[in-house]
Structures are given as structure tokens and as C-alpha cells.
Number of protein chains: 2
Amino acid sequence: MRTNAQKTAFPGPDRQGLILDLINRRQRVSIAEICEAFGISEATARRDLEALDQRGLICKVRGGAIPARRAPAEPPILQRSNQHLEEKQRIARAAAALIQEGETVFLGSGSTVLELARLLRSYNNLTVITNSLPVINELASSGGITLVGLGGVLRSTELSFIGHITEQALSEVRADKVFIGIHAVDVGEGLTNAYLPETLTDRAILKIGREIIVLADHSKCGRVSTARVAPINAVHTLITDTGAPQEFVEALRQVGVRVILA
Amino acid sequence: MRTNAQKTAFPGPDRQGLILDLINRRQRVSIAEICEAFGISEATARRDLEALDQRGLICKVRGGAIPARRAPAEPPILQRSNQHLEEKQRIARAAAALIQEGETVFLGSGSTVLELARLLRSYNNLTVITNSLPVINELASSGGITLVGLGGVLRSTELSFIGHITEQALSEVRADKVFIGIHAVDVGEGLTNAYLPETLTDRAILKIGREIIVLADHSKCGRVSTARVAPINAVHTLITDTGAPQEFVEALRQVGVRVILA
DNA sequence: CGTACAATCGGTCATAATCATTCATCTGAC
DNA sequence: GTCAGATGAATGATTATGACCGATTGTACG
């Protein structure tokens with residue numbers, strides 16, 4: 001009866017999904033650009049933005065819309081992730097090079113590990129276990145990855161799950177490789193963190209993997225923090241950047257830790 | 001039960017399989033295209049889509065249908081979540097009114113429950129347990145809420161955690177009130193969902209709370225879906241909107257379910 | 001500092017497409 | 001023949017859309 005099919009447009013709600021993608025990609029999109037891109041009127045574009053804004057997916061501003069930094073709206077981790085960003089990305093690339101398809105890997109919390117997660121989005125046939133909420137968000141929509149979240153009590157400053165629920169879940173899983181960030185690494189004191197309640201969870205994490213790989217930029221090297229997590233010989237591989245003190249790298253290698261300089 | 005085969009080339013259920021293939025191949029198919037392709041009326045095309053949607057194989061959108069599972073960006077929850085948005089928000093407000101500070105509540109997955117989570121952001125001294133990633137993101141930055149994530153394997157179409165890790169974590173927690181959405185509610189068949197593997201997790205969820213509160217807009221009422229989750233007497237309270245059929249509400253009250261019309 | 005101008009916004013309204021529902025008909029099975 | 005399920009047409013309800021208009025906001029200019 002009706003043969004209007006070749007109407008190029010995307011009716012209704014699923015156009016909103018495309019608009020959302022557009023906004024997330026371009027960071028800022030004007031009403032006029034949306035009208036042009038989809039061949040719709042200003043009123044409709046406005047309504048779409050209104051609907052997306054209602055659901056908190058974007059943030060309307062005068063003249064258009066910007067992404068709603070909400071899920072990955074990280075308080076402290078956001079500030080930190082810009083420090084040493086270059087080094088962190090290099091470290092993440094070196095870490096990704098250690099991962100093969102078909103493997104099961106654990107990713108811990110921290111901004112460097114998050115960079116690693118970003119690189120894994122396009123992988124196929126990979127199982128990722130994590131207790132980091134930003135990592136989960138980063139990989140949630142990746143079709144090729146089986147994502148296992150650990151659960152537990154959310155520590156809101158770090159956006160990671162910790163506690164006995166986390167530890168119990170850890171006892172149910174195993175990983176080929178464990179990638180964690182750490183607050184401080186020292187040859188004598190080993191791995192140390194700033195937050196005591198997290199220690200037990202960190203120790204449980206170290207037990208689930210055959211190979212422990214620590215990601216730490218040079219600002220963490222040779223430092224000692226409050227809470228002891230594990231001795232240095234728990235670490236198989238440390239990936240850091242070329243800014244790490246030469247003698248620190250040497251000392252680590254002396255005690256049998258493989259050190260990769262990215 | 002075996003069907004007929006008449007003048008049309010592709011009778012009944014067989015045709016639905018072909019439609020499913022078509023949708024999966026083309027990503028988006030309009031009603032009119034289906035009518036043309038199979039030589040059937042608009043009404044029949046609609047019925048086929050309805051049947052496929054009920055089984056969770058596709059996702060109906062205005063003007064046609066799209067595949068249920070698709071990698072890019074936000075999954076069907078996005079498409080679905082602005083249908084009946086007004087009703088959902090009213091239902092969410094009625095649900096929030098049942099929550100007092102100091103309580104521990106469980107929030108399930110689904111768009112209506114997500115609206116409830118949005119209302120809880122400003123609460124103080126509240127413990128929220130959830131297996132829904134959107135709910136976690138919504139409440140992650142809320143200082144007054146202790147947030148317990150359940151972990152498990154992430155089901156990417158619904159962004160919820162399911163599986164035996166989830167169920168084990170559930171055995172560790174208890175909640176004063178359990179709020180869940182559901183795909184379909186019927187007096188005789190009770191609660192039913194579209195996705196079979198989720199059933200065990202849903203049942204485990206029902207066990208952790210003293211009071212089970214189901215949130216379902218009127219489009220879910222009197223419907224039956226594929227997988228049985230629980231009989232109707234497992235539900236203590238149903239919150240729906242005023243669009244629910246009067247006789248449905250009456251029948252529920254007859255069997256002892258408290259019904260709140262928002 | 002205030003005014004004028006333009007862009008943008010939020011709302012109403014009419015229109016057309018789409019949807020859900022009902023009812024009558026058809027087909028094949030028993 | 002009777003029956004159940006499937007189908008198609010018709011109907012009223014719902015939704016998406018675009019045009020219009022007054023209100024609001026931002027900005028340039030005197």
C-alpha cells in the first residue's frame with residue numbers, strides 16, 4: 001500500500017542514538033549541524049536533545065549540546081590522568097603488546113591501567129576481569145570482549161570495588177596476566193598503597209594470576225607509601241617509562257624483576 | 001499447533017525466521033519493507049515483529065525494528081528507555097517515596113529502575129546494592145550513598161551483571177527492599193523475562209529482600225514473556241501507572257499484591 | 001551603562017505517519 | 001461440520017514532526 005520506504009531519514013528514537021554518538025565524538029555539536037546531518041527541522045533536533053538530556057546522556061548548552069561527563073566523571077582519577085599522560089600511554093602500549101587474543105587478563109584500577117583498557121576495546125576473543133568502574137565503562141560496549149566485573153563496595157574516590165565481596169569473587173576466577181597500577185614501588189619495601197582497606201583486596205588480586213605485571217610511571221618509582229601490599233618478588237614484570245632512575249631499574253633487575261622501559 | 005500453509009509463500013513462524021535474518025543483515029528494516037518483501041499486510045508484519053520482540057530477538061522501534069544485540073554504543077536500553085518515559089518517572093517517584101534513609105535497598109536493571117536511581121542521588125545514609133551498570137554509574141559520585149556492586153559477567157545488551165559470580169555475591173548481602181523491573185507481569189504466570197540465562201540471577205535477587213517491589217509500566221501488565229522468573233505471590237508490591245487495565249489491578253489485589261498506581 | 005538587535009529557546013498547534021485493537025474472513029486439521 | 005490459528009481490513013489512539021510565535025538570552029554598539 002505504502003511505498004515511501006526510500007525516506008533516507010531515521011525515524012524517531014534510534015536517530016537519538018546516532019546524535020549521541022556524534023556528540024560524544026565531536027565534543028560539541030550545534031543545533032544547526034544536527035539539522036543538516038539528519039535532514040530534520042530545528043524543532044525535532046531540539047526535542048531529541050531534550051530527550052537525551054532528560055536521560056542524562058548529554059548536557060544541553062546554548063546553541064547545541066556537549067557530552068555529559070557523568071559515568072566516567074571521575075573526581076580524583078580525572079585530575080591525575082592528565083599528569084604524565086604521555087608516559088602513561090606509552091606504558092599502556094607496551095602492556096598491550098604483552099596481551100594475545102584468547103587470553104584472560106585482570107585489569108586493576110588506576111589511570112595507567114585505564115589507558116591500557118582503551119587500547120583493548122578493539123580486541124576480539126579476550127576475557128577481561130576488573131574491579132575498576134572506569135575500565136568496565138570503557139569496555140562495556142566492546143563486542144569482542146567478555147567482561148567480568150568483580151563487584152564489592154565502591155570506593156568512590158578511586159571508582160574501584162573493594163572489600164570482602166570483591167575478594168570472594170576473586171577466588172572464583174583466574175587470569176593469565178594481571179595488570180595493576182600501584183601508588184609506590186620500592187625495591188626494599190615492595191608495593192605500597194595509600195589506602196589501608198584496599199590492601200587485602202590488592203593481595204587477593206595478586207593471587208589470581210600467573211604473571212603479575214605492574215604499570216607505574218617514573219613518579220612512582222623508588223617511592224614508599226603507607227600500606228604494604230606485597231614484597232617486590234611478587235612482581236614478575238614492571239613497565240615504566242624512560243624517566244625512571246637508572247639505579248632503580250638496575251636494582252629491580254638484580255632481584256629478578258623484568259623491567260620494560262616504554 | 002503446526003500451522004497452515006496457504007497462498008503466501010512463507011507461512012507463519014517460518015517467515016518470522018526470515019524476517020529476523022533480514023533485520024540482522026540490514027540492521028534496520030521498516031514495516032513497509034517487510035510488507036513488500038513477503039507480500040503480507042501491515043498488520044501481519046506488526047504481529048511478527050511483536051512476536052520476535054517478545055522473545056528478545058529484535059528490538060522494535062518506531063517505523064520498524066533493529067537487531068536486539070548490537071555492539072555500537074548504547075544498546076536497546078537506549079531505544080527502550082524513552083518509551084513511556086513520563087510513566088516511568090512517575091513510577092520512580094512513587095517508588096522513591098517508599099525508601100527511608102538508613103535503609104538498604106536493591107535496585108535491579110531496567111530503565112524504570114534507573115529512573116528511580118536518579119532520584120536517590122541526593123539521599124544520605126542509604127545503602128544501595130545493584131547489578132546494573134547504569135545504576136552504578138548514576139550513583140557512583142553520590143557521597144551519601146554506600147554503593148555495593150554485585151559483579152559477574154556483564155550482559156552487554158542490558159548492561160547488567162549476571163551469572164554465578166553475581167549469585168554468589170547475592171548470598172552475601174541482604175536488603176530491606178528489593179526494586180526490580182520486569183519484562184512482563186501476569187496474574188497467572190507471574191513474572192516472566194525474555195532472556196533465559198538471566199532467570200537464575202533474578203531468582204537469587206528475589207531471595208535477598210524482605211519486601212519485593214516490582215516496577216512495571218502499563219505496557220508490561222497482563223503480558224507473558226518467555227522465561228518464568230517467579231510466581232505472582234513472590235511480589236509484595238507492584239508499582240505501575242494509571243494506564244494499567246482496571247481488571248488487572250483488581251486481580252492482583254485479589255491475590256494479595258499491593259498495587260500502587262502512579 | 002543601557003539600548004537595540006539577533007540568535008536561541010520553549011511552548012502550542014496542525015498534520016501525517018505509525019501504532020494497537022477489533023472484527024470478519026480464510027485455511028487446514030480433526 | 002466445527003474449531004483454532006493466521007490473516008487482512010478498518011478504526012481510533014498515539015507519536016513524530018515541522019511551522020509558527022512570543023519570551024529569553026547573548027552581544028554589539030552607542
Side-chain angles (χ1 to χ4, degrees), chain A residues 1-19 28-55 58-66, chain B residues 1-19 28-54 58-66 78-89 184 217-224 241-248:
Chain A
M1 39 187 64
R2 186 149 295 291
T3 34
N4 62 350
Q6 66 284 14
K7 195 78 161 34
T8 72
F10 296 82
D14 64 0
R15 183 189 49 234
Q16 293 176 9
L18 298 175
I19 292 177
R28 180 163 213 283
V29 176
S30 74
I31 297 272
E33 285 171 316
I34 295 174
C35 295
E36 177 125 7
F38 295 94
I40 57 178
S41 77
E42 189 178 310
T44 302
R46 239 173 256 291
R47 272 186 282 254
D48 285 340
L49 292 185
E50 176 64 26
L52 290 168
D53 186 65
Q54 275 275 322
R55 285 183 276 158
I58 62 161
C59 192
K60 275 172 67 177
V61 296
R62 190 176 178 82
I66 57 176
Chain B
M1 5 193 43
R2 191 61 265 157
T3 22
N4 44 8
Q6 53 211 60
K7 65 177 200 264
T8 59
F10 307 100
D14 293 341
R15 184 189 52 235
Q16 292 181 10
L18 295 174
I19 292 177
R28 178 169 214 291
V29 176
S30 73
I31 297 272
E33 286 170 318
I34 295 174
C35 294
E36 180 137 359
F38 295 93
I40 57 178
S41 75
E42 191 177 312
T44 303
R46 246 173 249 291
R47 272 186 280 254
D48 285 340
L49 291 186
E50 176 64 25
L52 290 168
D53 185 64
Q54 278 285 317
I58 62 162
C59 189
K60 275 172 66 177
V61 297
R62 190 175 179 83
I66 58 175
L78 180 69
Q79 267 87 30
R80 240 178 276 150
S81 52
N82 65 351
Q83 294 177 350
H84 310 289
L85 182 59
E86 272 298 322
E87 289 92 334
K88 284 171 178 175
Q89 288 177 341
D217 64 66
H218 70 269
S219 72
K220 321 274 177 63
C221 294
R223 297 295 191 82
V224 177
D241 59 87
T242 48
Q246 187 63 36
E247 63 273 17
F248 172 78

Strictly below 4.0 Å, N to O, side chains only: are B/E50 and B/R46 in salt-bridge contact? no
Once you round it to whole Å, what is the distance between [atom2] of [N] and [atom1] of [X]?
{"X": "A/I19", "N": "D/dA16", "atom1": "CD1", "atom2": "P", "value": "13 Å"}
{"X": "B/I34", "N": "D/dT7", "atom1": "CD1", "atom2": "P", "value": "13 Å"}
{"X": "A/R15", "N": "C/dT18", "atom1": "CZ", "atom2": "C1'", "value": "15 Å"}
{"X": "B/F38", "N": "D/dA6", "atom1": "CZ", "atom2": "P", "value": "17 Å"}
{"X": "B/L49", "N": "D/dT7", "atom1": "CG", "atom2": "P", "value": "13 Å"}

Under a 4.5 Å cut-off applied to non-hydrogen side-chain atoms, are A/L49 and A/I19 in contact? yes
To the nearest 0.5 Å, what is the distance between CG on B/D48 and CD on B/Q16? 4.0 Å
Value rounded to 0.5 Å, distance of CZ in B/F38 from OG1 in B/T44: 12.0 Å
What does nucleotides 8-14 of chain C look like as a protein-contact string, B for base, S for sugar-phosphate only, - for none, at under 4.0 angstrom between heavy atoms? SSS----
N or O in side chain of A/S41 less than 4.0 angstrom from D/dT17 OP1/OP2: no
So, is A/T44 near the phosphate of D/dA16, with a side-chain N or O under 4.0 Å from OP1 or OP2? no
Side chain to side chain contact (heavy atoms under 4.5 Å, CB included) test vs B/K60 passes for just one of B/L52, B/D53, B/I31, namely B/D53
With side-chain contact (heavy atoms from CB on, under 4.5 Å) as the criterion, how do B/I40 and B/I34 come out once you've worked through the C-alpha distance, each side chain's angles and the decisive distance to 0.1 Å? CA-CA 8 Å; B/I40 57 178; B/I34 295 174; 4.1 Å; yes
